[in-house]
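Working notes for the structure below.
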Amino acid sequence: MLEEVERWLNARSWSAGDRPVQHLLSAKHATGQSVSVVLPALDEEATVGDIVAVIRRELVLGVPLVDEIVVVDSGSSDRTAEVAAAAGARVVHRDAILPRIPAVPGKGEVLWRSLLVTGGDIVCFVDADLREFSADFVSGIVGPLLTDPDVHLVKAMYDRPLGAAPGQGGRVTELMARPLLNMHWPRLAGFVQPLGGEYAARRSLLERLPFPVGYGVELGMLVDALHLVGLDALAQVDVGVRVHRHQDGRALGRMAAAIYRTAQLRLARGHLVRPTLTQFERGADGFEPHTYTVDTEERPPMTEIAEYATRRVA
């Protein structure tokens, strides 16, 4: 590990308990910063309501740290929107945001569009499939942004069990993202959960970043933020254990392909020779190939969108 990264680990890695919520509230009042929490959601009726309810009870009604909770529904076929609204979130459909630009499927697409329907100086993203959710996932990663003006982006770090096996989750992280970062961006090698969906950042940074539309958004954001603001402006906070549903191996393969593609573009900004991935599944007549398109689109920095500039002026 680079000496710079070792120093960064000591200076920019914290625990959620290092900053009590009342201390964060005082810092929020002193700086006048507002906080938005965004949950990108697709068919998450089983979990999204509990997450929203915890945030609202503890960080809106209890200690007024969060100013708004926004669930961006990307086309759920279940009751995600109704459950989220009943729990106290403002629900916005992805396709209703910036309708001039047709939406494409993907998590990054939803996060990018969320900047147009939130107002916080600090934007906190939380995945909507978490179980046993704790408000530390929000207060922990928002804390450094409220208390340290030199910090611009904070990732959550946590244990990720796979079923009953502790620490065995995050397979795409270990098999794809971590090797890529260590080999090509070794200054980012200190991040425990580089692909984690729980992170917070200053709007002033997010609006300058391009957003890969799919699963590559977390890696792309981390790499681009490093180049924009430098390593010392990035941090991570330990929030405990992350429990969520796990995807099968084929879905993980498609995630890995999107992440590799995102890394490839940032390494060379060159031509992706063949943006497809073929996987195999046993059928009635033996193994059958299934070919998927790898996400190749990225949304530009939000500062380049006329509607965003108009909203900011208004």
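On a predicted model such as this, the values are computed, not experimentally measured, just so you know.
- Residues Q33 and V142 have side chains not in contact (no heavy-atom distance under 4.5 Å, counting atoms from C-beta outward).
- Side chains of D238 and S13: a donor-acceptor N/O pair is absent below 3.5 angstrom, by distance only.
- The shortest heavy-atom contact between S114 and V38 is CB-CG1, 3.8 Å.
- Between the side chain of D78 and the main chain of E45, a donor-acceptor pair closer than 3.5 Å is present.
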Problem - Trace of the side chain to side chain contact (heavy atoms under 4.5 Å, CB included) decision for F133 with I55 - result: CA-CA 9 Å; F133 180 77; I55 298 172; 3.6 Å; yes
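- Rounding to the nearest 0.5 Å gives a distance of 11.0 Å between CD of E298 and CZ of F211.
- The residues E109 and R94 are annotated as not salt-bridged, no charged nitrogen and carboxylate oxygen being separated by less than 4.0 angstrom.
- N182 places no side-chain N or O within donor-acceptor distance of the main-chain N or O of A189, the cut-off being under 3.5 Å.
- Taking Ile, Leu, Val, Met, Phe, Trp and Tyr as members and joining any whose side-chain heavy atoms lie under 4.5 Å apart, directly or through other members, the hydrophobic cluster of V192 also contains M157.
- Between L252 atom CG and Y215 atom OH the span is 9.0 Å, to the nearest 0.5 Å.
- With values rounded to the nearest 0.5 angstrom, D232 atom CG is found 10.5 Å from H152 atom NE2.
- Using a 4.5 Å cut-off on side-chain heavy atoms (C-beta onward), P212 and R261 make contact.
- Across every non-hydrogen atom of P40 and L111, the tightest pair is CG-CD2, 3.7 Å.
- For E6, the CD atom is densely surrounded, since the number of other residues' heavy atoms within 6.0 Å is greater than 12.
- The two atoms that bring V91 and A81 nearest to each other are CG2-O, 3.6 Å, heavy atoms only.
- F191 and L175 are assigned to two separate hydrophobic clusters, defined by single-linkage of ILVMFWY side chains at heavy-atom distances under 4.5 Å.
- Between K107 and E218 there is a salt bridge, since at least one side-chain N of the basic residue sits less than 4.0 Å from a carboxylate O of the acidic one.
- Between V71 and A89, the closest heavy-atom pair is CG2-CB, 3.7 Å.
- W8 places a side-chain N or O within donor-acceptor distance of the main-chain N or O of L231, the cut-off being under 3.5 Å.
- Taking the side chain as every heavy atom from C-beta outward, R113 and V72 never approach each other to under 4.5 Å.
- Looking only at side-chain heavy atoms (C-beta outward), T47 and L130 stay at 4.5 Å or farther from each other.
- One N or O on the side chain of D18 and one on the backbone of S15 form a donor-acceptor pair closer than 3.5 Å.
- Between I101 and I305 the shortest side-chain heavy-atom distance falls below 4.5 Å.
- The two atoms that bring Y158 and G196 nearest to each other are OH-CA, 3.1 Å, heavy atoms only.
- Rounding to the nearest 0.5 Å places CZ of R187 at 9.0 Å from CG of L234.
- Side chains of E68 and S36: a donor-acceptor N/O pair is present below 3.5 angstrom, by distance only.
- With E198 contributing its side chain and D127 its backbone, the two residues share a donor-acceptor pair below 3.5 Å.
- Considering every non-hydrogen atom in both S74 and V110, the closest pair reads CB-CG2, 3.5 Å.
- With rounding to the nearest 0.5 Å, the separation of CG in L9 from CD in E4 is 11.0 Å.
- With hydrogens and angles disregarded, no donor-acceptor distance shorter than 3.5 Å links the side chain of K155 to the backbone of Q236.
- In this structure, the side chain of E207 does not engage the main chain of L115 through any donor-acceptor pair within 3.5 Å.
- Side-chain contact between W112 and P300 is present, with at least one heavy-atom pair separated by less than 4.5 Å.
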Exercise for the section: Could you walk me through whether F137 and R242 pass the side chain to side chain contact (heavy atoms under 4.5 Å, CB included) test, one step at a time? Expected result: CA-CA 9 Å; F137 274 76; R242 185 184 197 265; 4.1 Å; yes
Exercise for the section: Kindly determine whether V60 and R57 satisfy side chain to side chain contact (heavy atoms under 4.5 Å, CB included), including the steps that lead there. Expected result: CA-CA 6 Å; V60 177; R57 182 179 67 246; over 6 Å; no
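- At least one side-chain heavy atom of R299 sits less than 4.5 Å from a side-chain heavy atom of V104.
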Handout entry: side chain to side chain contact (heavy atoms under 4.5 Å, CB included) evaluation trace for V63 with E58
Key = CA-CA 6 Å; V63 176; E58 298 190 24; over 6 Å; no
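- Note that OG1 of T31 and CG of D121 are 8.0 Å apart. Values are rounded to the nearest 0.5 Å.
- In this structure a side-chain-to-backbone donor-acceptor pair under 3.5 Å is present from R202 to V151.
- Counting heavy atoms from C-beta on, the side chains of S76 and E44 never come closer than 4.5 Å.
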